[in-house]
Amino acid sequence: MLLLDVLTIPKDDAVAFTFFTGYMAMLAASIFFFFERGSVDGKWKLSLLISALITFIAAVHYYYMRDYYLATGENPTALRYIDWTLTVPLMCVEFYLLTKAAGAKIGLMWKLIIAAVWMLVFGYIGEAFVPLNPDGSAADGAAMHSVIYGVLSTLGYIYILYTAWFGEVKQLAEKTNNPVILNGIKTLAWFVLVGWAIYPIGYMCMPGGWLNTALGWESSNVDLFYNIADAINKIGFGLVVYNIAINASKAKQAA
Ligand SMILES: *C/C=C(C)/C=C/C=C(C)/C=C/C1=C(C)CCCC1(C)C
């Protein structure tokens, strides 16, 4: 009986809907990226494997987050951040692999990973330890707490954004002299600017957050924004990498 209860999606629950759709989409994308490793040149196989791992790790977490949300009606904050702690550093590895041909050093990868972990640790403290009343509403100090940790987290985000748009990643992409890689990295930088910016919007829907306080956006919308952003950033990001790999392999065959 419990199983039946857990798996019933209320008709008007958009958050539950995106949890289920997100789960299936992540799983399908993983299978796609994994099998498409066979269609690309040897040096791109690792990039596609990492794209597949990113969506697969997300699929497993969505499997649990979906049930957690349906069973409790609450935000699966811990599962969410465990997922991100694994998948965002893997996206940093993708940036490194793409620029390696132009001489990227392993230090670039670690700098991006440290910035990502910084961003996620402060985001987690901001969300998981926000002062709440017993009924779940924002308690005294919640607004201040969410702003302080939100701003600290954003510093890590800005570092990654800067590196992708103006810093080392951008400079190395130019050095490759390969329009496929240069345009691909430009597209990934747009993902970091626009796709990643959806997450702070979700964050501000939690109790005490600006959008929650000023516009009355409900805290369940945190997950709506996170689920939409994850689909864009994990599957979309992987497809860009796939596109780079396929086109670079074709260009090589033609040469
Ligand atoms: C696959 C998961 C990804 C790409 C997750 C990205 C997450 C972020 C860019 C989160 C950013 C945050 C801020 C910039 C401030 C508020 C707290 C966060 C953690 C939501």
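Both ligands and their constituent atoms are indexed starting at 1 by order of listing.
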>> Please evaluate residues W165 and W190 with respect to the criterion ring pair (Phe, Tyr, Trp, His ring centres under 6.0 Å), reporting the C-alpha separation (whole Å), side-chain torsions for both, the decisive distance (0.1 Å), and the verdict.
In response: CA-CA 9 Å; W165 277 87; W190 274 105; 5.0 Å; yes
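- Of the possible polar contacts, none joining the S137 side chain to the N133 backbone as a donor-acceptor pair under 3.5 Å is found.
- The shortest heavy-atom contact between W44 and A245 is CB-CB, 3.6 Å.
- Looking at every heavy atom in both residues, S219 comes nearest to N75 through O-ND2, 3.4 Å.
- Judged by distance alone, the side chains of Y81 and E127 do bring a donor and an acceptor atom under 3.5 Å apart.
- Each of Y81, W84, T87, V88, M91, M119, G123, G150, S153, T154, Y157, W196, Y199, P200, Y203, Y226, D230, K234 has a non-hydrogen atom positioned under 4.0 Å from some atom of ligand 1.
- Aromatic pair F166/Y162: ring centres closer than 6.0 Å.
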